[in-house]
A.B. asks: 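So that we are looking at the same thing, I have put the structure below in structure tokens.
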2 protein chains.
Amino acid sequence: MSQKKSHHHGNLRAALVDAGLALVRDGGPDALSIRKVAAAANVSHAAPAHHFPTLAHLRTAVIAEGYRRFRAFMEEAIAQAPDTAHDRALGACFGYLRFARAYPGLFDLMFGTHAHDHEDAELCAASDESYAVLARVSAPFAGNDPADTELAIWSLVHGFASLAVGGQKMLADQETAEAFFTRLFARLDLVETAPATPRPAPEI
Amino acid sequence: MSQKKSHHHGNLRAALVDAGLALVRDGGPDALSIRKVAAAANVSHAAPAHHFPTLAHLRTAVIAEGYRRFRAFMEEAIAQAPDTAHDRALGACFGYLRFARAYPGLFDLMFGTHAHDHEDAELCAASDESYAVLARVSAPFAGNDPADTELAIWSLVHGFASLAVGGQKMLADQETAEAFFTRLFARLDLVETAPATPRPAPEI
DNA sequence: GCTTAGAACTTTACACCGTCAAGTTTGGCT
DNA sequence: AGCCAAACTTGACGGTGTAAAGTTCTAAGC
């Protein structure tokens with residue numbers, strides 16, 4: 001059925017994306033090249049063209065996989081956190097930062113301006129699911145404008161992560177970063193609204 | 001003296017940097033190429049080598065000029081703001097955002113991971129001066145930890161700007177963005193310490 | 001079971017890129 | 001005047017994305 005097996009190679013597409021992730025991890029976004037992923041998968045330099053007509057398409061697939069791992073990092077950090085709204089939001093930030101630290105090149109590829117297909121269905125699905133995690137953990141803090149709180153947390157953690165990846169001094173280690181966010185969350189007036197009826201019961 | 005005039009061209013270095021800024025403005029960081037800036041300056045493809053041994057050196061010079069304009073944007077916005085500590089800090093953020101919106105490609109080049117010389121003296125001077133602006137406007141808010149306040153404001157505005165440049169929806173127009181920051185600054189508990197003696201009076 | 005259509009892949013080719021290695025021109029200093 | 005070194009040109013090499021054409025194999029239809 002969905003065996004996806006190629007004639008000669010046997011599921012080349014996934015191999016190319018895997019090789020792409022390795023290249024980006026080792027050499028940053030600009031190290032991602034069609035010819036190199038082809039070489040890594042032991043196929044000719046033009047073989048990827050059938051799966052990814054253009055470099056932008058390959059980037060898109062790598063970025064989509066990046067968002068999946070990104071989401072996994074956040075979910076895992078949330079799961080590790082104490083079960084309070086405050087700690088879960090903080091946990092999402094921790095996961096965000098850990099991902100940026102674990103995959104700096106991929107992080108830059110995902111959020112930089114390297115040309116890719118923003119409308120790609122697979123990418124949109126993956127990035128929407130990532131953003132939904134942030135929206136979910138900031139939902140309890142609808143004290144002021146919920147969109148404001150969401151955007152504030154997102155900007156804060158994304159800015160910090162970007163500066164850290166960009167090699168700015170100060171952000172030192174992950175431990176220091178998490179301590180900073182803990183202090184900052186204590187400082188923000190995250191007024192926690194009653195869970196707004198934990199959900200109006202979808203009724204069907 | 002410091003005429004810098006070249007034999008044939010007459011100050012090629014500046015022309016190459018200018019052409020580089022135009023390329024980045026039009027086509028993003030990856031559009032910056034040695035051969036294209038050479039063509040734009042009507043010199044051979046190897047002419048830039050004497051001024052910029054490598055693409056990374058050209059990038060470094062373009063980025064340094066970017067920081068100078070970046071700082072100018074912030075200074076101008078601060079000058080336009082009412083003369084209160086709160087409004088000046090907010091003004092710096094406005095300038096930050098206006099720069100990112102005015103030069104999205106340059107912004108990404110400056111803060112992305114494209115290889116360049118982080119130790120370059122000219123670049124370090126320009127970026128230090130930019131960071132000093134943020135440090136200056138956040139200095140009055142030493143309510144908690146001064147470094148924390150500085151880093152929080154920096155992360156917040158940088159994250160928002162990065163997301164906006166990255167094409168994320170929502171950040172719509174500059175007006176909406178500035179309104180968001182105005183609300184957010186009102187929400188933060190920016191406790192303003194006594195100006196710590198408005199400056200110990202440099203004496204002299 | 002054979003044939004055949006088309007997908008998957010290879011080969012070849014082209015334009016562009018960064019960079020190196022030589023030449024050539026030119027301006028300024030002795 | 002003569003020379004030298006800086007500024008620039010020319011040419012070449014390997015690497016890149018991508019288009020076009022050729023080859024091989026799979027799977028479906030009869």
Side-chain angles (χ1 to χ4, degrees), chain A residues 1-20 22-24 26-63 105 109 112-117 120, chain B residues 1-20 22-24 26-63 105 109 112-117 120:
Chain A
M1 306 297 185
S2 61
Q3 258 302 95
K4 200 75 173 322
K5 285 205 59 167
S6 312
H7 304 187
H8 309 60
H9 182 278
N11 146 313
L12 176 60
R13 205 192 124 102
L16 295 172
V17 172
D18 279 355
L23 285 171
V24 171
D26 295 343
D30 291 340
L32 180 63
S33 111
I34 285 188
R35 290 174 111 107
K36 279 192 280 206
V37 296
N42 276 107
V43 292
S44 80
H45 67 264
H50 214 262
H51 300 277
F52 307 106
T54 220
L55 178 58
H57 293 84
L58 174 61
R59 281 208 198 100
T60 303
V62 172
I63 291 172
L109 178 62
T113 59
H114 298 88
H116 63 276
D117 182 10
D120 179 78
Chain B
M1 310 293 182
S2 60
Q3 256 302 95
K4 203 74 176 321
K5 285 206 57 167
S6 313
H7 303 188
H8 309 60
H9 181 279
N11 149 311
L12 176 60
R13 206 193 122 103
L16 294 172
V17 172
D18 278 355
L23 284 171
V24 172
D26 295 343
D30 291 339
L32 181 63
S33 109
I34 286 188
R35 292 175 108 107
K36 278 192 280 204
V37 296
N42 276 106
V43 292
S44 78
H45 67 264
H50 212 265
H51 300 278
F52 306 107
T54 219
L55 177 59
H57 293 83
L58 174 61
R59 278 207 199 101
T60 303
V62 172
I63 291 172
L109 178 62
T113 58
H114 298 88
H116 63 276
D117 182 9
D120 178 79

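Throughout, protein chains are lettered first and strands after them, A, B, ... in sequence-line order, and every chain is numbered starting at 1.
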A.B. asks: Quick one: A/His51 NE2 to C/dT10 C1', roughly how many Å, whole number?
C.D. replies: 13 Å
A.B. asks: In whole Å, what is the span from the CZ atom of A/Arg59 to the C1' atom of D/dG17?
C.D. replies: 11 Å
A.B. asks: In whole Å, what is the span from the CG atom of B/Leu58 to the C1' atom of C/dT19?
C.D. replies: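 Interatomic distance, CG of B/Leu58 to C1' of C/dT19: 14 Å.
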A.B. asks: What pairs of residues pass the side chain to side chain donor-acceptor pair (under 3.5 Å) test when at least one of them lies in residues 37-48 of chain A, not counting sequence neighbours?
C.D. replies: none
A.B. asks: Separation of A/Leu55 atom CG from D/dG15 atom P, in whole Å?
C.D. replies: 18 Å
A.B. asks: Nearest-Å distance, CZ (A/Arg13) to C1' (C/dC9)?
C.D. replies: 17 Å
A.B. asks: At under 4.0 Å, does any side-chain N or O of A/His50 touch on OP1 or OP2 of C/dA8?
C.D. replies: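 Yes, within the criterion.
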A.B. asks: How many whole angstroms separate atom CD1 of B/Ile34 from atom P of D/dT9?
C.D. replies: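 Going from B/Ile34 (CD1) to D/dT9 (P), I get 14 Å.
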A.B. asks: Base, sugar-phosphate, or nothing: which does A/Ser33 touch, judged by heavy atoms less than 4.0 Å apart?
C.D. replies: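 Since only primed, P, OP1 and OP2 atoms lie under 4.0 Å of A/Ser33, the category is sugar-phosphate.
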A.B. asks: Is it true that the side chains of B/Asp120 and B/His57 contain a donor and an acceptor less than 3.5 Å apart?
C.D. replies: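 The answer is no; no qualifying pair exists.
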A.B. asks: I'd like to know if A/Arg35 reaches the base of D/dG15 with its side chain, counting only an N/O donor and acceptor under 3.5 Å.
C.D. replies: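 No, the side chain and the base share no sub-3.5 Å donor-acceptor pair.
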A.B. asks: Rounded to whole Å, please give me the gap between NZ in A/Lys36 and C1' in C/dC17.
C.D. replies: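 So the NZ-C1' distance, A/Lys36 to C/dC17, works out to 13 Å.
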A.B. asks: Could you tell me whether the side chain of A/His45 has a donor or acceptor atom within less than 3.5 Å of a complementary atom in the base of D/dG15?
C.D. replies: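 No, no donor-acceptor pair under 3.5 Å.
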A.B. asks: Can a side chain N or O of B/Thr54 be found less than 4.0 Å away from OP1 or OP2 on C/dT19?
C.D. replies: yes
A.B. asks: Whole angstroms only, please: what is the CG-C1' distance between A/Leu12 and C/dT10?
C.D. replies: 13 Å
A.B. asks: Quick one, B/Ser33 and B/Leu23 - any side-chain contact, counting heavy atoms below 4.5 Å?
C.D. replies: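 When only atoms from C-beta onward are counted, B/Leu23 and B/Ser33 do not touch, as no gap falls below 4.5 Å.
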A.B. asks: B/Gly105 and B/Val24: which non-hydrogen atoms are nearest, and at how many Å?
C.D. replies: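 Minimum heavy-atom contact is C-CG1, 3.4 Å.
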